[in-house]
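Have a look at the structure below, then the notes.
Each ligand, and each atom within it, is numbered from 1 in the order the structure gives. These figures come from a predicted structure and were not determined experimentally. As a basis for the values below, the full set of heavy atoms in this structure was taken, side chains included, without hydrogen atoms, waters or symmetry mates.
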Amino acid sequence: MKVLGIESSCDETGVAIFDTAQGRLLAQALHSQIPLHAEYGGVVPELASRDHIRRLPRLLAQALHEAGLSAQALDAVAYTAGPGLAGALLVGASFAHAYARALGKPAIAIHHLEGHLLSALLAEPAPAFPFVALLVSGGHTQLMRVDGVGQYRLLGESVDDAAGEAFDKTAKMLGLPYPGGPQLAQLAEGGQGGRFTLPRPMLKDASLDFSFSGLKTAVRETIAAPDWKDEYAPALAADFQQAVIDVLLAKADRALRQSGCSQLVVAGGVGANRALRAQLSAAQAKQGRQVFYPPAELCTDNGAMIAFAAGLRLQAGRADVQDAIAVHPRWPLEAVAA
Ligand code: KG4
Ligand code: ZN
């Protein structure tokens, strides 16, 4: 089956085609709205929705062209139904439903985080079920036990800011441009850690939950202190990044131990962070465990993960075929679990 995937939950417009028979992506087209939102310092929802409308038809044509397929060759149209920005989600959902209706093919709703966590199955080598997934994106920080397609159990999550949000807000405080996370990571790479003592929130806490807002406050106070100098920015970025990594490492380790799983999957935009990847892989290798990451270009939002998740669901006989347009801006992943 050839599955079209459409992602429009936030500030990336993604369209891709996955072929379940060949087990590979036939095409991917992506447009990032970062330059559009940059001058506002963050995502402007209405601008995001309007830009998705503008980009989708062209990205679709591009993906079909790259795959060498006619529209009629598609077997299903999948789209992100949530969580995300309501207007942005509605654009993708309406577009997907209209297109599916015109082709006489099913429209399949996909949960954005399911797309992220299953995208690690496109890595080589790929993990096998069961595994623990650490989802670290701009909107979520969660640990999930994954026993199969559609079999997800929440083990722990952030009680306040998401890890990506903490990166973005800290970057903003340091005067870095939106979206911040990747720029902060880059600044940290050139900084010498150890100058600042920052908290590791909930590190010792026995639960698998996270909290990042205290860390953000500590950064704000550090910058506001009378002895702050702008030249300390790389050092503070390095210490901030290390604080986040220490917490993610410790909680992921605890989740693996408690669940008895020996494989960890890291997904979501923060999973692109090089220092996080290096330290997680090294720490888990010492325990005889393996860590898997989606291919780098699939860490941040894209249409491929939506097409792929829908392909897996179709193969498992678990596709959520929708007759009407409905989106879920807030939507726990466990709601789509079997
Ligand atoms: O998964 P994603 O593309 O979108 C959401 O679903 O939220 O994740 C975006 C988040 C942003 O907060 C961004 O700053 C962060 O991932 N991010 C990073 C890096 N690349 C992206 N954070 C830290 N280091 C990176 N290299
Ligand atoms: Zn995402």
### Task
Kindly check if the number of other-residue, nucleotide or ligand heavy atoms within 6.0 Å of CD (Q62) is above 12?
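Buried by this count: over 12 neighbours within 6.0 Å.
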### Over 12 foreign heavy atoms within 6.0 Å of CD, E231
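Result for CD/E231: enclosed.
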Could you tell me which atoms of ligand 1, counted from 1 in the order shown, lie closer than 4.0 angstrom to a heavy atom of [X]?
| X | result |
| --- | --- |
| G164 | 12 (O) |
| G139 | 7 (O) |
| D301 | 1 (O), 2 (P), 3 (O), 4 (O), 5 (C), 6 (O) |
| T300 | 3 (O) |

### Query
What protein heavy atom is closest to atom 24 (N) of ligand 1, reported as residue, atom name and distance in Å?
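Going by distance alone, atom 24 (N) of ligand 1 is nearest to N273 ND2, 3.0 Å.
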### Query
Which protein non-hydrogen atom lies closest to atom 9 (C) of ligand 1, naming both residue and atom, and how far is it?
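Of every protein heavy atom, G138 N, 3.8 Å lies nearest to atom 9 (C) of ligand 1.
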### Query
At a non-hydrogen distance cut-off of under 4.0 Å, which region of H116 contacts ligand 1 (side chain, backbone, both, or neither)?
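It is the side chain that touches ligand 1; the backbone stays farther off.
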### Query
What do we get for D168 next to ligand 1 when only non-hydrogen atoms under 4.0 Å count, side chain, backbone, both or neither?
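The side chain, only.
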### Task
Could you pull out the atom name of the N/O/S atom in H112 that is nearest the Zn ion (ligand 2)?
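Minimum-distance N/O/S atom of H112 relative to the Zn ion (ligand 2) is NE2.
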### Message
Any heavy atom of H112 closer to ligand 1 than 4.0 angstrom?
### Response
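Checking ligand 1 against H112, which is what was asked, there is a heavy-atom contact under 4.0 Å.
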### Message
Taking a cutoff of less than 4.0 Å between a non-hydrogen atom of the residue and any ligand atom, is H140 in contact with ligand 1?
### Response
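For ligand 1, residue contact (heavy atoms, under 4.0 Å) with H140 is absent.
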### Message
Could you tell me if the side chain of N302 sits less than 4.5 Å from the side chain of E297, heavy atoms only?
### Response
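A side-chain contact is absent here, since even the closest heavy-atom pair is not under 4.5 Å.
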### Query
Are the charged groups of R153 and D147 less than 4.0 angstrom apart, N to O?
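No.
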### Message
Assess whether a salt bridge exists between R257 and D253, defined as any Lys/Arg side-chain N lying under 4.0 Å from an Asp/Glu carboxylate O.
### Response
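Salt bridge: yes.
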### Query
Based purely on interatomic distance, does G181 place a nitrogen or oxygen under 3.5 Å from a nitrogen or oxygen of ligand 1?
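The answer is yes, given that G181 and ligand 1 share an N or O pair closer than 3.5 Å.
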#### Entry: Which atom of A162 lies closest to which atom of F212, heavy atoms considered
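A162 and F212 have their closest heavy atoms at C-CD1, 4.1 Å.
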#### Entry: Selected option - heavy-atom contact closest to atom 16 (O) of ligand 1, from S9, C299, C10, G269
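Shortest heavy-atom distance from atom 16 (O) of ligand 1: G269.
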### Task
Give a yes or no on whether the ring-centroid distance for F240 and F196 is below 6.0 angstrom.
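No - the distance between ring centres of F240 and F196 does not fall below the 6.0 Å cut-off.
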### Metal site angle (apex the Zn ion (ligand 2)), NE2 from H116 and OD1 from D301, 10 degrees
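Taking the Zn ion (ligand 2) as the apex, I get 90° for this pair.
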### Task
Apply side chain to side chain contact (heavy atoms under 4.5 Å, CB included) to R289 and L256, showing your working.
CA-CA 9 Å; R289 304 190 193 113; L256 286 160; 3.9 Å; yes
### Query
Would you call the rings of F95 and Y99 parallel, tilted or perpendicular, where under 30° means parallel and over 60° means perpendicular?
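Parallel, since the angle between the ring planes stays under 30°.
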